[in-house]
Amino acid sequence: MSEKGITDQRVLDAMNAVPRHLFLDSSFLEHAYMNKAFPIGADQTISHPYTVAFQSSLLQVKPGDKVLEIGTGSGYQCAVLIEMKAQVYTIERQNLLYKKTTQLFRKLHYRPKKYVFGDGYLGLPEHAPFDSIIVTCGAPEVPQTLLSQLKIGGRLVIPVGDTSQEMTLIIREEETRFSQETFGEFKFVPFLEGKK
Ligand code: SAH
């Protein structure tokens, strides 16, 4: 992975520590990859971990950071952040996936600080502000709610776009001033409203 430009050693160490195959069974594929936003095929097993590494690097997680993740899915990204010693608050909107990943976290002893079945568009105002927020589904636009739940200096990593998404990093520089940078195209399943 380092040859593809991921040089953050803490991210690489965390990814080496998480048994990725246990997060990728058929049931996860059925729910998390529906709508085929990820190409199902050989490429998937390569591009997906790269995306996790890329987003994790942009977050610049420090031990003890409060991190909000939107789209728990398989729990893999969450596990990587836990290995990086973040306190992870994570939200999933699909109940079947939520239940399944609850069991997996239990089995593998990964403990998110909070694991919520709900709509990520709302964030978690009762636990805000966060050091960083990672959105792992493709957002048509940047939700203001999430921006408002960042600490000053906090980072939001969010793929923005409809059919494909531009990886976007937004930093809350001051209370009402945000900076923004983009990092190329990715493909995610859509960030959908509500829960089911
Ligand atoms: N981080 C996950 C990525 C899974 S794919 C992993 O490591 O496996 C993205 C996930 O975002 C899907 O599980 C999808 O159900 C979820 N999602 C989409 N819209 C959402 C919303 N509004 N709130 C919470 N989760 C959402």
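For the single chain, residues carry numbers from 1 onward in sequence order. Every number for a ligand or one of its atoms is a count from 1 in the order of the listing.
Note on ligand 1: C78 sits outside its first shell, no heavy atom being nearer than 4.0 Å. Between E92 and ligand 1 there is a heavy-atom distance shorter than 4.0 Å. Residue contacts with ligand 1: T72 is included, with a non-hydrogen atom under 4.0 Å away. Proximity of K195 to ligand 1 is not established, as no heavy-atom distance is less than 4.0 Å.
Of all atoms in ligand 1, listed by their number and element, those nearer than 4.0 Å to a heavy atom of F191 are 19 (N), 20 (C), 21 (C), 22 (N). Near S74, the atoms of ligand 1 lying under 4.0 angstrom from a non-hydrogen atom of the residue are 6 (C), 7 (O), 8 (O). Short contacts between ligand 1 and L97, defined as distances under 4.0 Å to a heavy atom of the residue, involve ligand atoms 13 (O). Set against the non-hydrogen atoms of P190, the atoms of ligand 1 under 4.0 Å away are 18 (C), 19 (N). Set against the non-hydrogen atoms of G120, the atoms of ligand 1 under 4.0 Å away are 21 (C), 22 (N), 23 (N), 24 (C). Annotation for ligand 1: atoms under 4.0 Å from non-hydrogen atoms of G118 are 23 (N), 24 (C). Less than 4.0 angstrom separates some heavy atom of V189 from each of these atoms of ligand 1: 5 (S), 9 (C). Annotation for ligand 1: atoms under 4.0 Å from non-hydrogen atoms of Q77 are 1 (N), 7 (O).
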Could you walk me through whether Y121 and T145 satisfy the side-chain contact (heavy atoms from CB on, under 4.5 Å) test, starting with their C-alpha distance in whole Å, then the side-chain angles of each, then the deciding distance to 0.1 Å, before giving a yes or no? CA-CA 7 Å; Y121 273 101; T145 334; 5.7 Å; no

Y76 and M15: CA distance, side-chain angles, deciding distance, side-chain contact (heavy atoms from CB on, under 4.5 Å) verdict: CA-CA 9 Å; Y76 179 67; M15 290 185 65; 3.4 Å; yes

Test log, rule side-chain contact (heavy atoms from CB on, under 4.5 Å), inputs F105 and T72: CA-CA 11 Å; F105 282 148; T72 318; 4.0 Å; yes

With side-chain contact (heavy atoms from CB on, under 4.5 Å) as the test, would you mind laying out the steps for L59 and L81 before giving the verdict? CA-CA 10 Å; L59 284 178; L81 294 171; 3.8 Å; yes

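Residue-to-ligand polar distances place G71 within reach of ligand 1: an N/O pair is separated by less than 3.5 Å. The shortest N or O to N or O distance between T136 and ligand 1 is under 3.5 Å. Of the N or O atoms in I70, none lie within a sub-3.5 Å distance of an N or O in ligand 1. Polar contact with ligand 1: present for L192 (N/O pair, distance under 3.5 Å).
The closest non-hydrogen atom to atom 26 (C) of ligand 1, taken over R93, E193, K196, comes from R93.
A side-chain donor-acceptor contact under 3.5 Å links E185 and S164.
Connection of V142 to L58 is not established within any shared hydrophobic cluster, with ILVMFWY side chains joined at heavy-atom distances below 4.5 Å, either directly or through further cluster members. Linking Ile, Leu, Val, Met, Phe, Trp and Tyr residues whenever their side-chain heavy atoms come within less than 4.5 Å leaves Y89 and Y115 in two separate clusters.
Taking the six-membered ring where the residue is Trp, F183 and F54 present perpendicular rings, their angle passing 60° and hence far from 30°.
By the side chain to side chain donor-acceptor pair (under 3.5 Å) test, Q87 is found to be paired with no residue, residues two or more places apart in sequence or in another chain being considered.
The environment of CD in Q9 is crowded: more than 12 heavy-atom neighbours from other residues, nucleotides or ligands sit within 6.0 Å. Applying the 6.0 Å contact sphere to NZ of K151 captures more than 12 heavy atoms from other residues, nucleotides or ligands.
Contact annotation: for Q94 versus ligand 1, heavy atoms closer than 4.0 Å belong to the side chain alone.
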